[in-house]
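Remember, predicted model here, so these are calculated numbers, not experimental data. Hydrogens, waters and symmetry mates are skipped; everything else that's a heavy atom, side chains included, is used. So that the names make sense, note that chain A is the first sequence line, chain B the second, and so on, each numbered from 1.
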Amino acid sequence: MKNTVRKEIEKAFIELDNQEGWGSANPGAFDVSHPREEKFGDFSTNLAMIMASRLKKKPRDLAELLTAILRKNDLFETVEVAGPGFINFRLRPVRWARELGRVFREKESFGRVEIGKGEKVMVEFVSANPTGPLHIGHGRGAAVGDALASILRWAGYDVVREYYTNDVGLQMDNLGRSTLLRARELAGEILAEEPAYKGEYMKDVARAFMEKHGPDILSAPEAEALAIARDFAAENIMEGIRKDLADFNVHFDIWYSEKTLHESGSVEKLIDMMLEQERIYEKDGALWLKTDEQGDEKDRVVRRANGVTTYLAADIAYHKTKLDRNFSTLVNIWGADHHGYVPRMKAVISALGGDPDKLVVRLVQLVSLKKGGQTYAMSTREGVFTTLREIMDEVGADAVRYFFLMRSSDSQMEFDVELAKSQSSENPVFYVQYAHARCSSIFRQAEEKGVATPDFQHVNPELLTGEGELRLIRKLMELPEIVEVAASSFQPHHLTQYMYEVAGLFHHFYKHNRVVGEDEALSAARLSLVMATQMILKNGLGILGINAPDKM
RNA sequence: GCGCCCGUAGCUCAGUUGGAUAGAGUAUCAGAUUGCGGAUCUGGGGGUCGCAGGUUCGAAUCCUGCCGGGCGCACCA
C-alpha cells in the first residue's frame, strides 16, 4: 500500500512539474511514512520539504500546490498540509478493507518481498567450538541468526545457514586430555592435574567414553588414547549441540568442518600463495598476515614459530570457500566479545581479493538472567553460565526464542525468567500466541453455530470500516514493509515488535466487536478479518521460528 | 591507554534511512465485562532522551568532546 501511495505522489509531482515548467523531472528521494500520530492520517510525505530548497520555494507553498493535484485522486479521503510542510493522507476506508484481499490471494506468502532479487546470502552463526554445551549467549546468537536467515529468505534472498566447527587444534587436544583425566578419575585414579575443561558435563562425556571403549583404553599408549578420547568427546559434545539446536527449532543447511580445510591442504596452499603475493611475511620465525594496513591494530600471526598454524589461518581458508561459493553477502553473527576480530576478518577478505563490505558482522550483546529478584551476569571468565538446555527446559523454546528476538541485538538484555514462564498477558510471547489461539477459537465457535467460513470475494468491505477494524487492517498490511526493514537492517526484533502490536490491535478489536453474531454479512466480514489476522500471526511467528498454537 | 556496544518514564526496553506534542510493557492509581477463551479491555499520573557544544528549516537519531556501564585488546580459539 505504501508503494501505491508513493507512486501516486510521484505522478502528482510530475504533473505539477509539467504544469509549472520547472523541468526537474525527477522527484528524487523522499519519504513516505506512517505518521506517529494517528490524527495525521495513514501516510505522510516530506516531499515538499525535500524539494523546496531545490526549487527555491517555501515548503508549505509547494505542499499546497501538490495537495491540489492529489485531492483529485479518489484513493484518498483527505490530503492535508501540516506542520513545516508535511503532506498527510488519509485513505478512503473502503480502500483499506479491499486491500485485505491481498492477504487472501497471497496466503502463506503474504509478507514476502523481492528486495533480495534472488542473490545468494550466507548467514553463519553459532559456530561454537565442540568443547562444551551451548549456553544462553549462544542461544541468543542462534535465535537471531536463524530468524535473520528466515527474514532474508522472505525478503527474496537465497539464504544458506551454516555452522563452522573448530574441530581441530589445541582446544581439541585439551578436550581429549580432559576426557582422559576424568575417565581415569572414574576408574578410581586421583586427578593427575586440573583438567582444562572443568565443567561437570565432562564427567558425563568421560562416562560415555568409558562405556563405549571399556577400561582397556586407559592402558593404551598415551598418544593413541588421547586421539581416541579427543575424537570421541568432540563427536559426543557436537551431538549434544545438534540436539539442543534442533529442539530450539534451529536447522542448519551446512555444517562446515575446520578439519576438512587442513586435510584438503587448502590452508597450506593459501599460506604459500599469500607468501608469494607478499601478503604474508616472516618475522621472528613466525608467519604474519598484513592486516594492519587494512585497518587492524597490528599484523596477525598465521603460523607460529613452532610451525603450528593459528585459528586465523584456517579462517582464511574458510572465508576463501565462502567467496568461492559466490555469496553476495556474508553475514556473521558473533558474540560481542569477538568484536575485536571484525577488522581482522575484513582484512582477510581483502587479502583474498574480495570486497570487505561483503562481510556483514552482527555482534550480539551479552545476556544476563533475572531470577528471583536477582540478576546474574553470564561470565565465561568466572565460568558462570546457564546452558541453553536448562533455560529451554525451564521456560520452553518458544518463550526463549521470543525473548531473544524482542530486543535489538545491539543492546545487552536482561532475561526475566519468571516473566518468560508466566502464562498471562504480561508475558509478550503468550500475548501474541494467545491472539493466534483466539482466532482458532473463534472459528471453532463459528463452526458450532453453523456459520460458514466466508469467501472474501463475497464480503462487503464497507462493513469493515470501524475504527478498531481499520486500525487492525492498516497494521496487518504493514507486514511486507516490516520484513523489508528487518532484512535491510539485519535486525529481527522489528518483526517481533510488530507481532506484538498486531496482537494488541486484534485483542482490542475482539473486545469491541462481536465477530460471530446475528447479522450474516457482518459476521462474514469480521470472520474474514480474523482469518487475515491469523494468517499474519502465523506467517510472522513462522519467520521467527515460534509456534502458532490453535489452543493453549 | 586504544577499540566496539550501550545510556530514553521507578524497572525492562522500542523509536526503520534526521521529521510534527518522544512510545510500549511493567509497577502505581482508578475503572469495565450476565455473550465468540478475563490468558481480555479502558483511563490517569510518571521524561532535562547521560552532560556540553556543533551541523540542519528540523536532532533521541548525524559530528566532536566529556561522564557512566558492559565487553575486548596473544605466536588461545
Student: So is the aromatic ring of A/Y510 stacked onto the base of B/C36, judging by whether the centres are under 5.5 Å apart and the planes are under 30° apart?
Tutor: yes

Student: Among B/C41, B/C75, B/G3, which nucleotide sits nearest the side chain of A/H339?
Tutor: B/G3

Student: From the options B/C13, B/C71, B/C75, select the nucleotide whose nearest atom is closest to the side chain of A/M413.
Tutor: B/C13

Student: When you measure from the side chain of A/K511, which nucleotide among B/A32, B/G19, B/C75 comes out closest?
Tutor: B/A32

Student: Has A/R438 got its NZ or CZ under 6.0 Å from the middle of the six-membered ring of A/Y510, at an angle within 45 degrees of the ring axis?
Tutor: yes

Student: Ring centres of A/F40 and A/F86 under 6.0 Å apart?
Tutor: no

Student: As a test of reading the structure: which of B/A27, B/C41, B/C75 is closest to the side chain of A/H508, going by heavy atoms?
Tutor: B/C41

Student: Without decimals, in angstroms, what is the distance between A/E414 CD and B/G69 C1'?
Tutor: 14 Å

Student: Which of these nucleotides, B/C36, B/C75, B/A14, is closest to any side-chain atom of A/A286?
Tutor: B/C75

Student: Would you say a side-chain N or O of A/H512 is under 4.0 Å from OP1 or OP2 of B/A32?
Tutor: no

Student: Between A/R407 and A/F415, is NZ or CZ placed under 6.0 angstrom from the six-membered ring centre and within 45° of the ring axis?
Tutor: no

Student: Under 3.5 Å, is there any donor-acceptor pair linking the side chain of A/H338 to the base of B/G72?
Tutor: no

Student: Please determine whether any donor N or O and acceptor N or O are separated by less than 3.5 Å between the side chain of A/N88 and the base of B/A20.
Tutor: yes

Student: Check if the side chain of A/S44 and the base of B/A20 share a donor-acceptor pair of N or O atoms closer than 3.5 Å.
Tutor: yes

Student: Find out whether A/T309 and A/E268 are in side-chain contact, i.e. whether some heavy atom of one side chain is under 4.5 Å from a heavy atom of the other.
Tutor: yes

Student: Give the rounded distance in Å between these two atoms: CD of A/Q365 and C1' of B/G3.
Tutor: 13 Å

Student: A/Q171 side chain: which of B/A20, B/C76, B/C71 is closest?
Tutor: B/C76

Student: Under 3.5 Å, is there a donor on one side chain and an acceptor on the other for A/E481 and A/H34?
Tutor: yes

Student: Give me the residues of residues 517-525 of chain A where at least one heavy atom lies under 4.0 Å from an atom of RNA chain B, by number, or none.
Tutor: none

Student: What's the closest nucleotide to the A/E426 side chain, out of B/C75, B/A27, B/G70?
Tutor: B/A27

Student: Roughly how many Å is it from CG in A/N427 to C1' in B/A27, rounded to a whole number?
Tutor: 17 Å

Student: Return the stacking result for B/G19 and A/F86: yes when the ring centres lie under 5.5 Å apart and the planes under 30°, no otherwise.
Tutor: no

Student: What nucleotide among B/A14, B/C4, B/A74 has an atom nearest to a side-chain atom of A/K298?
Tutor: B/A74

Student: Considering only B/C13, B/C41, B/G19, which nucleotide approaches the side chain of A/R407 most closely?
Tutor: B/C13

Student: Compare the aromatic ring of A/Y500 with the six-membered base ring of B/A24 and state whether they stack according to the 5.5 Å and 30° rule.
Tutor: no

Student: Among A/F430, A/F506, A/Y431, which residue satisfies the ring pair (Phe, Tyr, Trp, His ring centres under 6.0 Å) criterion with A/Y500?
Tutor: A/Y431

